[in-house]
Amino acid sequence: MTELETLYQSEDEYGPLLVLEDKHMRVLSFGDNDEQSKLLKLQPFLPQHTYVQAMLLVLLFIKPKRVVILGLGGGGLIHALRHYDAGIKITAVELRAQVIEIAKRFFQLPIGKKLTLIHQDAAEFLEQADHKKADVIFADIYGADGVDENQLSDSFIKNAAMMIKADGFLVLNCWKEHSQNRELLSLLQTYFVEVRACLTGGGNWVVFASKTKRDITSSGMKAKAHSLSLQLDFTLSRSLTRFDHWV
């Protein structure tokens, strides 16, 4: 990150906010050696982080019409989803007002009628429960020090489950050490029928909790992944090799 130039720098009550860039990339950072979002300027719909690529594996199981994204960052998930299907209604909830403004100003956020941006704490948003039920909730709430522990709490997961449709999914971006967290697995199994996970090359543990059981063979999964890769414009094969039931 030392090769990147500082394009913008600010601070709010939660800490620093930096936008860094080189000729091809733009990065949102919340502190030293921190990389919250990375955008390929000419192709913003191509996820640059392996965890974002892995989170999109949920599209193997469901074609969502309405999604909620908790934790906006630079909007990498929004770009990829909009490229996949321009008709998806997306609600993104972000705690830091400046992050929303930065995403609009520096990260080509695709503003339009089908994107709703909400400046609010994600846990409060779920607790209020006044949003239409979603097909998928993506939770990607990170600070400079890592995962927001609220994202792994009983109330957060319970409230998220209540906001998800009967055949929907909760997708959680965690760290690889959470793969050993049996309490988290047990909590997810309380509110969801099936829990899968993917360990990414970047050290993230991405969890997929579904409300209904999905029977799909290995060969069927590979065929679907090939088709989905063509739609997303990047290959899912690397993420798929690390994708399985969490038991």
Side-chain angles (χ1 to χ4, degrees), residues 8 10 12 14 17 19 26-30 35-40 44-49 51-59 62-144 147-148 150-151 156-157 159-165 168-174 204 206-208 232:
Y8 174 84
S10 182
D12 65 9
Y14 303 102
L17 293 147
V19 179
R26 194 162 280 176
V27 172
L28 173 63
S29 173
F30 292 164
E35 200 172 272
Q36 290 292 323
S37 291
K38 184 186 261 185
L39 178 93
L40 186 62
F45 56 85
L46 290 179
Q48 299 303 298
H49 286 136
Y51 76 85
V52 180
Q53 295 176 15
M55 291 177 91
L56 291 164
L57 286 171
V58 73
L59 300 176
I62 190 168
K63 189 171 174 60
K65 293 179 180 177
R66 185 183 298 276
V67 309
V68 170
I69 297 173
L70 305 176
L72 172 64
L77 263 176
I78 293 173
H79 277 294
L81 288 168
R82 186 60 77 235
H83 181 67
Y84 164 73
D85 181 356
I88 298 174
K89 291 178 180 174
I90 302 173
T91 298
V93 182
E94 172 57 49
L95 176 66
R96 302 171 75 171
Q98 283 200 47
V99 169
I100 296 174
E101 294 310 310
I102 286 169
K104 289 179 183 176
R105 182 176 168 190
F106 298 107
F107 289 86
Q108 305 176 35
L109 202 64
I111 302 298
K113 289 181 180 178
K114 293 188 183 296
L115 174 61
T116 302
L117 300 172
I118 297 176
H119 171 219
Q120 190 178 13
D121 178 86
E124 289 178 9
F125 170 81
L126 292 176
E127 197 170 345
Q128 284 180 355
D130 60 359
H131 186 276
K132 288 183 179 178
K133 290 202 172 186
D135 298 293
V136 182
I137 292 180
F138 295 94
D140 184 24
I141 310 171
Y142 274 65
V147 185
D148 185 329
N150 283 330
Q151 181 173 292
F156 187 99
I157 290 169
N159 290 334
M162 289 172 66
M163 197 180 281
I164 294 169
K165 291 179 187 176
F169 278 80
L170 172 64
V171 182
L172 291 171
N173 181 29
C174 305
N204 293 71
V206 178
V207 179
F208 308 80
L232 292 169

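Keep in mind that this is a model prediction, so the values were computed, not measured.
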Between the CG atom in Leu170 and the CD atom in Gln151, the distance rounded to the nearest 0.5 Å is 8.0 Å

Sequence neighbours excluded, the answer for ring-ring contact (aromatic ring centres under 6.0 Å, His included) partners of His119 is none

Under 4.0 Å between a side-chain nitrogen and a carboxylate oxygen: does that hold for Lys165 and Asp135?
yes

Separation between CD1 (Ile69) and CD (Glu94), nearest 0.5 Å, reads 11.5 Å

Here the gap from Arg96 atom CZ to Asp12 atom CG, rounded to the nearest 0.5 Å, amounts to 4.0 Å

Going by heavy atoms in the side chains, are Leu126 and Ile137 under 4.5 Å from each other?
yes

Rounding to 0.5 Å, atoms CZ (Phe106) and CG (Leu28) come to a distance of 10.5 Å

**Asked** Quick check: does any side chain N or O of His79 sit under 3.5 Å from a backbone N or O of Phe107, one acting as donor and the other as acceptor?
**Response** yes

Those residues at least two apart in sequence (or on a different chain) that pass side-chain contact (heavy atoms from CB on, under 4.5 Å) with Gln128 are Gln120, Asp130

Does some side-chain heavy atom of Leu95 sit less than 4.5 Å from a side-chain heavy atom of Asp148?
no

d(Gln48 CD, Arg26 CZ) to nearest 0.5 Å is 13.5 Å

Under 3.5 Å, side chain of Tyr142 to main-chain N/O of Asn173, donor-acceptor pair present? yes

Worked check of side-chain contact (heavy atoms from CB on, under 4.5 Å) between Arg82 and Ile88 = CA-CA 7 Å; Arg82 186 60 77 235; Ile88 298 174; 4.3 Å; yes

Side chains of Asn159 and Met163, heavy atoms from C-beta outward: is any pair under 4.5 Å?
no

Taking the side chain as every heavy atom from C-beta outward, state whether Glu35 and His49 have any pair of such atoms under 4.5 Å apart.
yes

task = Evaluate the side-chain proximity of Val67 to Leu77: yes if any heavy-atom separation is below 4.5 Å, no if none is.
result = no

**Report entry** Full working for side-chain contact (heavy atoms from CB on, under 4.5 Å) between Leu56 and Leu81
**Finding:** CA-CA 8 Å; Leu56 291 164; Leu81 288 168; 3.9 Å; yes

Between the CG atom in Leu70 and the CD1 atom in Ile141, the distance rounded to the nearest 0.5 Å is 5.0 Å

